[in-house]
Amino acid sequence: MDEPQVTAALAAEHGLNEDEYRRIVAAIGRIPTYVELGIFSVMWSEHCSYKSSRRWLRELPTTGPRVLQGPGENAGAMDIGDGLAAVFKIESHNHPSYVEPYQGAATGVGGIMRDVFTMGARPIANLDSLRFGAIDHPRTGYLVHGVVGGIGGYGNCIGVPTVGGDMYFDAGYNENILVNAFTLGIVRADRIFRASATGVGNPVIYVGSKTGRDGIHGASLLASAEFGDGTEHKRPTVQVGDPFTEKLLLEACLELMERDAIVAIQDMGAAGLTSSSVEMAARGETGIRLDLDRVPLREEGMTPYEILLSESQERMLIVAKAGSEDVVREVFAKWDLDAAIIGEVTDDRMIRIVFRGQEVACLPLEPLAEGAPKYERPAAASAEAEARQILNLDHVALPGDYNRALLGLLDSPNIASRQWVYRQYDHLVRGNTVVQPGSDAAVVRVKGTHKALALSVDCNSRYCLLDPYVGAMIAVVESARNVVCAGAVPLGISDCLNFGNPEKPAIMWQFVEAVHGIRDACNALGVPVVSGNVSFYNETEGRAIPPTPTIAMVGLMDDVTRHTTQWFKGEGDVIVLLGRTREELGGSEYLAQQGILTGTPPWIDLQVETHVHAVCTRAIQDGLVRSAHDCSEGGLAVALAECCLSGSVRGELGAVVELEGAIRPDALLFGESQSRIIVSLRRQHLGRLRELAERHETPFTVLGEVRGHRLTIGSLIDLTLKEMRQVWETALPRRLGAA
Amino acid sequence: MRWGVVTFPGSLDDHDALYAIDHVLGQTAIPLWHKERDLHGVDCVVLPGGFSYGDYLRCGALARFAPVMESVAGFARDGGLVFGICNGFQVLCEAGLLPGVLTRNRNLSFVCEYVHVRVESAATAFTRACGPGEILTLPIKHGEGCYVASEATLREIEEEGQVLLRYADAGGRVTEAANPNGSLHNIAGVMNRQRNVFGLMPHPEHAVEKALGGEDGLKLFRSIAASVAAGHTESVASVAPGP
Amino acid sequence: MLAKVYVTLKSGVLDPAGKAIQHSLHSLGFERVTDVRLGKYLEVWLDRGPRAEVEREVDEMCRKLLANGVIEDYRFELQD
Amino acid sequence: MLAKVYVTLKSGVLDPAGKAIQHSLHSLGFERVTDVRLGKYLEVWLDRGPRAEVEREVDEMCRKLLANGVIEDYRFELQD
Ligand SMILES: Nc1ncnc2c1ncn2[C@@H]1O[C@H](COP(=O)(O)OP(=O)(O)O)[C@@H](O)[C@H]1O
Ligand SMILES: [Mg+2]
């Protein structure tokens with residue numbers, strides 16, 4: 001094989017800087033071969049090595065009595081009782097989705113599901129968190145159709161319900177959209193599979209689709225470099241998802257796991273065969289020898305370099321117990337899938353690659369894995385960051401017509417009904433979806449128990465841009481508030497940290513602030529981070545996305561019959577606000593609609609937040625309240641409108657509400673103060689709820705009553721549900737066209 | 001009675017059908033593997049929802065050649081009850097066991113939502129537990145549920161009373177607005193001429209519990225159970241076997 | 001050998017996808033377009049064999065699987 | 001005028017549908033089949049116009065809408 005001469009320059013093309021190249025040469029005591037350079041380049045890429053983020057991620061709380069598996073494995077796992085564990089993780093697929101929205105999003109969903117079922121868990125629910133550019137940007141429509149189509153196309157076809165997510169439109173994502181996918185699975189707590197290759201001599205078995213030239217350097221390189229003019233030639237063959245094959249792979253893997261044949265198993269994701277084998281060997285403190293001639297190939301004449309770095313989808317690497325090879329073959333044959341023994345576990349802490357009888361790579365594991373570079377990059381707030389916080393409300397005129405203002409908000413692509421999205425997703429398959437998309441959190445029951453899990457994903461990146469520390473805290477507490485409103489107790493989170501180029505101090509500062517915000521909020525709520533993902537270099541031509549630390553929250557409820565939804569249930573019920581409304585408009589959708597993007601995000605007191613949660617949780621468990629809805633974008637007025645509108649199929653209930661407060665009326669109606677929940681209840685329970693609130697020092701205000709077919713708020717707002725629904729339900733279809 | 005639920009590669013709602021039958025209906029349901037020809041003496045074969053063989057080429061086109069389908073075809077020829085849900089309906093059409101074909105939704109996108117369907121005839125093995133004209137609320141979730149057939153075929157199935165379910169509004173009016181996928185004549189479910197094979201796009205197995213979207217789906221399962229209990233042949237015998 | 005198979009919708013069968021494409025083409029300013037029909041194009045590669053026999057086989061594939069006679073027509077060309 | 005447009009997956013791009021169809025053809029006993037690729041075939045009907053100009057337009061339609069340049073190639077014939 002005539003391969004390129006390895007030089008510092010070639011290393012640079014592989015995204016390795018001079019210093020890193022020198023470290024490689026020093027670590028192995030010679031110039032690496034071309035194949036070895038490829039291996040180092042992916043293992044040392046930001047995506048695989050977390051070299052810029054590790055030091056900070058260590059500050060996150062990752063332990064707790066219910067944590068069975070924290071960060072470091074394919075996914076996190078938490079004890080939910082009844083001998084079961086919830087396995088979950090969120091992951092980004094941003095760059096591929098911008099290059100080819102349908103396939104990029106589809107393969108993102110496929111990848112995260114593999115991370116979960118490699119742990120032995122049966123996936124029971126997916127979420128998708130999406131960020132697009134301005135909705136009137138010429139490319140946005142195309143991207144939205146492609147991404148939503150791809151998520152549905154893959155999720156619907158593999159039979160895992162997509163039960164929720166979130167979606168925002170912001171010019172800050174015009175050239176760099178975000179597609180974060182989350183999967184939750186259930187497994188017997190004593191049957192969690194891990195990915196450390198042990199047992200010298202055990203066979204290494206390749207299962208799933210054949211290997212092609214798909215996505216070479218895809219996730220690893222693309223996700224570790226900015227977008228720009230250079231991207232064109234870097235662009236790898238786009239990975240095409242095959243959900244049908246993944247469904248077979250899912251069933252085959254779970255079936256095999258019942259057969260006591262597996263030592264370790266890992267998905268071949270970013271950097272495919274390379275990272276899966278290196279990581280498994282490193283975790284097992286063993287070594288692996290691979291014979292590339294035995295790898296099932298889809299294309300002619302593939303080189304070792306290509307075979308090792310291919311990111312073909314729907315593939316897994318298994319370390320089987322010696323002697324159980326036939327069991328593996330039998331199970332995979334049943335599901336019409338390839339299973340090939342391609343190597344074995346060794347004891348020399350080396351990764352050895354053989355091709356046509358020649359050893360084409362022979363590298364020590366240590367420098368590849370643990371020994372990968374770790375940076376504490378300079379972090380400093382930019383001047384803009386401070387300028388952004390300046391806002392003088394005296395220069396903001398009050399609206400002449402509050403009805404118009406509310407209709408304007410209900411028409412906002414960031415607030416309007418998401419039905420256009422979720423009706424394209426199967427959210428029913430597997431028959432566990434107790435609360436479908438359209439309420440604060442989705443609720444999926446756990447068959448064989450009385451329990452259910454509530455799921456929500458959140459992040460307001462406008463807040464994060466104004467103050468990454470507070471914004472990240474709010475992302476955590478809002479997602480927690482969402483599951484609390486459903487009747488669950490926050491259990492744990494998975495976080496997906498989407499940021500710009502970490503080599504820029506201003507970006508690194510955003511990242512560090514956000515990590516600290518998550519850390520402090522999680523500590524206050526007593527909620528651990530059990531898995532997550534970092535996506536840096538979300539930039540195009542030097543323009544970074546707004547910091548977007550997306551939080552996926554999983555909540556647990558012991559009695560599924562005690563769940564609650566956000567919409568009003570009955571004429572005559574009393575409407576109560578838990579929490580206090582302050583004169584806060586910074587970062588609000590209301591100001592954004594007027595083009596005002598400066599200010600400070602809403603204030604957050606974690607103590608108050610936990611009290612509000614305590615009251616709401618107890619009230620739901622005691623059966624006091626019939627609906628609970630978190631106040632988020634658009635404030636109290638929008639939240640009340642949603643309480644009236646979101647229960648569409650379930651009848652139409654209006655509300656008559658009085659609001660007092662010594663603050664600007666627009667802040668009263670549209671301000672986005674945190675730690676607020678709107679509940680509705682039968683009048684006879686009012687007393688008990690009030691006591692509960694007092695006991696937890698939680699502000700308690702009777703707002704009014706569920707009544708009629710209009711929403712009336714004091715003398716400011718009076719609209720029919722019909723006219724509100726018209727706007728709220730058509731806002732997305734009107735702009736995006738038929739799904 | 002014994003139910004059999006077929007699992008093709010890519011079947012997805014097979015578990016849900018099994019769950020509806022044994023957990024909710026309280027009857028025996030056994031899985032049938034696509035590679036096997038033995039139907040294990042079941043009284044009714046259910047072809048479940050999903051994306052058999054990825055629904056590549058055309059929905060149901062590849063599944064129809066699975067070994068188990070030879071047995072299902074023979075079972076149907078001998079008057080056995082066959083119940084195709086969503087993808088199962090598509091497979092039955094592709095296999096020629098039901099007239100017509102299901103094509104891409106008129107609006108071209110996958111739709112997951114609850115719809116109302118009107119029971120056109122309660123005098124069949126699949127609907128006897130429903131009232132004539134009864135409105136059922138059932139979920140649909142498909143991208144290719146637009147029922148299409150030739151003029152002649154449409155005329156025939158209408159005359160023969162083979163159309164069992166039609167998309168309608170809550171009041172039972174069959175309107176364009178109530179048609180979620182563009183199906184001709186708002187057809188949501190059809191039966192063969194021999195009246196022992198039935199396919200529908202909505203998912204009755206996802207409407208069997210109050211806590212999860214209502215119980216209307218149970219009526220179809222109960223109908224089949226009652227028919228088997230009564231020796232359903234009586235509902236078959238009433239018409240001369242067709243071509 | 002290579003069989004190029006063309007599967008098209010029977011005339012009279014509605015083609016919403018084709019209509020949607022036509023609509024998009026218009027909104028992109030391609031006024032000249034009067035109609036669009038969307039069909040399938042398959043390339044089936046085969047081991048060599050007596051032409052007549054292979055043609056019979058391909059025709060059978062089309063009838064059995066590649067086209068649905070209820071709504072689709074097919075035609076194919078066989079190349080060496 | 002009629003433009004016959006053929007849209008195919010770029011070589012090297014995975015074709016799950018083609019793979020599944022090939023698998024079925026084998027199980028149906030069509031041993032001869034070695035590979036199947038599934039593409040699109042579009043018939044675009046157009047008002048008459050100067051051939052060169054119409055060809056330019058059709059080519060533009062393909063690039064802008066009919067084919068996804070990231071994973072697909074296209075080719076077309078123009079008939080009167
Ligand atoms: N991309 C999406 N996919 C699926 N469901 C979504 C998506 N975006 C929003 N939803 C659903 O729409 C509802 C409203 O979302 P959101 O406005 O984020 O609620 P909240 O503000 O209470 O977090 C939720 O049920 C959510 O799960
Ligand atoms: Mg939200």
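This is a predicted model, so every value here is computed, not measured.
- Each of D/Met1, D/Lys64, D/Arg37, D/Glu60 has some count of heavy-atom pairs under 4.5 Å with chain C, and the biggest count is that of D/Arg37.
- No other option in D/Leu25, D/Thr34, D/Ile21 has as many heavy-atom pairs under 4.5 Å with chain C as D/Thr34.
- Interface check for chain C: of the options D/Leu66, D/Val33, D/Val58, D/Val54, the most heavy-atom pairs under 4.5 Å are formed by D/Val33.
- Here the closest non-hydrogen pair linking C/Glu57 and D/Phe30 is O-CE2, 3.7 Å.
- Residues of residues 43-52 of chain D having a heavy atom under 4.5 Å from any heavy atom of chain C, listed by number: D/Glu43, D/Val44, D/Trp45, D/Leu46, D/Asp47, D/Arg48, D/Gly49.
- Only the side chain of D/Leu65 comes within contact range of chain C, judged by heavy atoms closer than 4.5 Å.
- To the nearest 0.5 Å, the span separating CD on C/Glu53 from CZ on D/Arg32 amounts to 5.0 Å.
- Residues of residues 72-80 of chain D that come closer than 4.5 Å to chain C, counting heavy atoms only, are D/Arg75, ordered by residue number.
- Looking at residues two or more places apart in sequence or on another chain, you find no salt bridge (Lys or Arg N to Asp or Glu O under 4.0 Å) involving C/Asp15.
- At most 12 non-hydrogen atoms from other residues, nucleotides or ligands lie less than 6.0 angstrom from NE2 of C/His23.
- Heavy-atom neighbours of chain C within the stretch residues 2-14 of chain D, taken at a separation under 4.5 angstrom, comprise D/Lys4, D/Tyr6, D/Thr8.
- There is no contact between D/Gln22 and chain C, counting heavy-atom distances below 4.5 Å.
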